[in-house]
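Computed from heavy atoms alone, side chains included, the values below leave out hydrogens, waters and symmetry copies.
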Amino acid sequence: MGSHIFDVPPEGAADDWTVPQDWEKFTDEDHQNWKSLISRASDVVGLATESFGRGLASLGLQEGGIPDYRVLNPRLKRDTGWEVVAVPGLIPNEPFFRLLSQRRFPAANFLRSAANSDYNDEPDMFHDVFGHLPMLYDRAFAEFMVAYGRAGLRAEALGGSDLLGRLYLHTVEFGLVNDDEGLRAFGAGMLSSFAETKFAVTSPEAKRIWFDLRRVMLTDYFFDEFQPQYFVIESFDALLEEMETTSLKAVYEELAGRELLKPGEPHPSDRVFHLEHA
Ligand code: HBI
Ligand code: FE
């Protein structure tokens, strides 16, 4: 597992766990590393939902090297109402959920090394800034993220944190959407890996199941290999609507103690998504 995992705020962190991005600390090598990551990743735009490409372009992420959050924020705020804040890595649930509920996206302040540019087992600045930020350009998705943060703050007391965490994983990290252009990717963990995006969106070998809230909350996952199944939402409006109209407290109670489905394990209620229906 990665080394940037914190349960106590590191030196220099504020009460909300944010740290200065300290953009000046990045070396020419870091900027080159960012440029090579971004240049390869532009292949995913054609496989991603429209708002991802719009966000990428509007944020100008493909120009220059590592973006300075002080330069990104006025544009991000104007376009989406969100801002990006630097955090030292994976932070505890409470500050994470609180930041999302405040439309402050927590992005790591370190970049993966060029050595393991293909995959890394913890969110770094490339995963956060390239994978997550452009998706905030979809209004319904951005509102879903706020609703998710608010739900997260309540979930701890209701014993629903793990269930909610799997909802996030199977949508915000590895979700697919069947939108006007057809089947497209929107999950950040997927979009920061061209190979997995290509597989999930185009391969006849990939297993795709229509999204079902309870099903995803009970589905375990891998974090170090391709997901053995992907969930397809019908739209961001539908995902937001479900988040805003479902009593999560009742769902947590209904699912408490239920055995998890292993990654890739089928369930009798699964509605298979057929690629030819895209
Ligand atoms: N959950 N508690 C917690 N803390 C994090 O930093 C965190 C998370 N879930 C997902 C997540 N980070 C990643 O998606 C980052 O890319 C934001
Ligand atoms: Fe992430």
Engineer: Has Glu122 got a side-chain atom pairing as donor or acceptor with His4's backbone, closer than 3.5 angstrom?
Structural biologist: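 Judged by distance alone, yes, a pair lies under 3.5 Å.
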Engineer: List the steps and the verdict of side-chain contact (heavy atoms from CB on, under 4.5 Å) for Arg214 and Arg258.
Structural biologist: CA-CA 11 Å; Arg214 290 161 178 78; Arg258 292 270 292 276; over 6 Å; no
Engineer: When rounded to the nearest 0.5 angstrom, what is the spacing between CG in Leu37 and CD in Gln32?
Structural biologist: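 Result: 11.0 Å between the selected atoms.
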Engineer: Please check this pair: side chain of Asn73 against backbone of Val84, looking for a donor-acceptor N/O pair closer than 3.5 Å.
Structural biologist: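 At least one qualifying donor-acceptor pair exists.
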Engineer: Should the heavy atoms of other residues, nucleotides or ligands under 6.0 Å from CG of Asp15 be counted, would the total exceed 12?
Structural biologist: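 No.
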Engineer: What do you reckon, is NZ of Lys249 surrounded by more than 12 foreign heavy atoms closer than 6.0 Å?
Structural biologist: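 Result for NZ/Lys249: open.
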Engineer: Tell me whether Ser36 contacts the main-chain N or O of Asn33 through its side chain, where contact means a donor paired with an acceptor under 3.5 Å.
Structural biologist: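 Here the side-chain-to-backbone pair exists.
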Engineer: Working to the nearest 0.5 Å, report the span between CZ of Arg70 and CD of Gln21.
Structural biologist: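 So the CZ of Arg70 and the CD of Gln21 are separated by 7.5 Å.
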Engineer: Could you tell me how the ring of His132 sits relative to the ring of His127: parallel (under 30°), tilted (30 to 60°) or perpendicular (over 60°)?
Structural biologist: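 His132 and His127: perpendicular rings.
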Engineer: Can you measure from CG (Leu99) to CD (Glu83) and round to the nearest 0.5 angstrom?
Structural biologist: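 That separation rounds to 9.0 Å.
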Engineer: When the ring centroid of Phe186 is compared with that of Phe236, is the distance short of 6.0 Å?
Structural biologist: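 When the ring centroids of Phe186 and Phe236 are compared, they turn out to be within the sub-6.0 Å range.
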Engineer: Looking only at the side chains, is there a donor atom on one of Thr219 and Arg215 sitting less than 3.5 Å from an acceptor on the other?
Structural biologist: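 Result is yes, a qualifying pair exists.
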Engineer: Would you indicate whether Glu276, at its atom CD, is surrounded by more than 12 heavy atoms from other residues, nucleotides or ligands within a distance under 6.0 Å?
Structural biologist: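 Counting other residues, nucleotides and ligands, CD of Glu276 exceeds 12 neighbours.
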Engineer: Any Lys/Arg nitrogen of Asp16 or Arg104 sitting under 4.0 Å from an Asp/Glu carboxylate oxygen of the other?
Structural biologist: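 Salt bridge: yes.
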Engineer: Hey, is the main chain of Ala14 close enough, under 3.5 Å, to the side chain of Thr18 for a donor-acceptor pair?
Structural biologist: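 Looks like no, no N/O pair under 3.5 Å.
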Engineer: Measure from the side-chain N and O atoms of Thr246 to the backbone N and O of Leu248, and report whether any donor-acceptor pair falls under 3.5 Å.
Structural biologist: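 Checking the backbone N and O of Leu248 against the side chain of Thr246, no donor-acceptor pair under 3.5 Å is found.
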Engineer: Okay, side chain of Glu173, backbone of Gly189: is any donor-acceptor separation there less than 3.5 Å?
Structural biologist: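 Answer holds: yes.
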Engineer: Check this for me: does any side-chain nitrogen of one of Asp220 and Lys262 sit under 4.0 Å from a carboxylate oxygen of the other?
Structural biologist: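 So Asp220 does not pair with Lys262 through a salt bridge.
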Engineer: Let me confirm one number: the OG-CZ distance from Ser101 to Phe96, rounded to the nearest 0.5 Å.
Structural biologist: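 Going from OG on Ser101 over to CZ on Phe96, the span is 11.0 Å.
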Engineer: State, yes or no, whether a side-chain contact exists between Leu176 and Arg208 at a heavy-atom distance under 4.5 Å.
Structural biologist: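 Leu176 vs Arg208: side chains touch.
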Engineer: Measuring from atom CG of Asp79 to atom CG of Leu136, what distance do you get when rounded to the nearest 0.5 angstrom?
Structural biologist: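 That separation rounds to 11.0 Å.
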Engineer: Under 4.5 Å between side-chain heavy atoms, hopping through other hydrophobics if needed: is there a path connecting Tyr221 to Leu261?
Structural biologist: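 No.
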Engineer: Quick one: sort the Trp82 and Phe105 rings into parallel, tilted or perpendicular, breaks at 30° and 60°.
Structural biologist: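 Answer is tilted, since the angle falls between 30° and 60°.
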Engineer: Quick check, are the ring centers of Phe231 and Trp210 under 6.0 angstrom apart?
Structural biologist: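 Ring centroids of Phe231 and Trp210 are no less than 6.0 Å from each other.
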Engineer: Please check if the side chain of Thr197 supplies one atom and the backbone of Met190 the other of a donor-acceptor pair under 3.5 Å.
Structural biologist: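 Answer holds: yes.
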Engineer: Please evaluate residues Arg112 and Asp124 with respect to the criterion salt bridge (Lys or Arg N to Asp or Glu O under 4.0 Å), reporting the C-alpha separation (whole Å), side-chain torsions for both, the decisive distance (0.1 Å), and the verdict.
Structural biologist: CA-CA 6 Å; Arg112 67 188 73 179; Asp124 74 335; 2.9 Å; yes
Engineer: Return yes if some donor-acceptor pair links the side-chain N/O of Arg75 with the main-chain N/O of Leu59 below 3.5 Å, else return no.
Structural biologist: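 Side chain of Arg75 to backbone of Leu59: a pair is present.
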Engineer: Are Glu143 and Arg139 ion-paired here, with the side-chain N under 4.0 Å from a carboxylate O?
Structural biologist: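 No.
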Engineer: So for atom CD, which belongs to Glu254, do other residues, nucleotides or ligands contribute more than 12 heavy atoms lying within a distance under 6.0 Å?
Structural biologist: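 Check passes, neighbour count above 12.
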Engineer: Counting distance only, does the side-chain N/O of Asp270 pair as donor-acceptor with the main-chain N or O of Ile209 below 3.5 Å?
Structural biologist: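 A pair under 3.5 Å: no.
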Engineer: Any donor-acceptor pair under 3.5 Å linking the side chain of Trp17 with the backbone of Pro88?
Structural biologist: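 Between the backbone of Pro88 and the side chain of Trp17 there is no qualifying donor-acceptor contact (under 3.5 Å).
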Engineer: Report the C-alpha distance between Leu183 and Leu275 in whole Å, list the side-chain angles of each, state the deciding distance to 0.1 Å, and finish with yes or no for side-chain contact (heavy atoms from CB on, under 4.5 Å).
Structural biologist: CA-CA 8 Å; Leu183 185 65; Leu275 206 49; 3.7 Å; yes
Engineer: Could you please spell out the steps behind the ring-ring contact (aromatic ring centres under 6.0 Å, His included) verdict for Tyr168 and Phe144?
Structural biologist: CA-CA 10 Å; Tyr168 183 96; Phe144 169 78; 8.2 Å; no
Engineer: May I ask you to test the Met125-Tyr69 pair for a side-chain heavy-atom distance under 4.5 Å?
Structural biologist: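 Met125 vs Tyr69: side chains touch.
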Engineer: Would you tell me whether Glu156 and Asn93 have side-chain atoms, one donor and one acceptor, within less than 3.5 Å of each other?
Structural biologist: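 Per modelled atom types, Glu156 and Asn93 side chains form a pair under 3.5 Å.
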Engineer: Is there a donor in the side chain of Tyr230 and an acceptor in the side chain of Glu196, or the other way round, less than 3.5 Å apart?
Structural biologist: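 Indeed, the side chains of Tyr230 and Glu196 share at least one donor-acceptor pair under 3.5 Å.
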Engineer: Is there side-chain contact between Pro134 and Val129, with at least one heavy-atom pair below 4.5 Å?
Structural biologist: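 SC-SC contact between Pro134 and Val129 ruled out.
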Engineer: Is the distance between the ring centroids of Phe97 and Tyr148 less than 6.0 Å?
Structural biologist: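 Aromatic pair counts; centres sit under 6.0 Å.
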Engineer: What distance do Leu240 atom CG and Met145 atom CE have between them, rounded to the nearest 0.5 Å?
Structural biologist: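 If I round to the nearest 0.5 Å, the distance is 12.5 Å.
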Engineer: A quick test of your reading: do over 12 heavy atoms of other residues, nucleotides or ligands sit less than 6.0 Å from CD of Glu181?
Structural biologist: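 It does: Glu181 CD has more than 12 such atoms within range.
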Engineer: Could you check whether Asp237 and Ser235, counting side-chain N and O atoms only, form a donor-acceptor pair closer than 3.5 Å?
Structural biologist: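 No, no side-chain donor-acceptor pair sits under 3.5 Å.
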Engineer: Can you confirm whether Glu259 is buried at CD, in the sense that more than 12 heavy atoms of other residues, nucleotides or ligands lie under 6.0 Å from that atom?
Structural biologist: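 Result for CD/Glu259: open.
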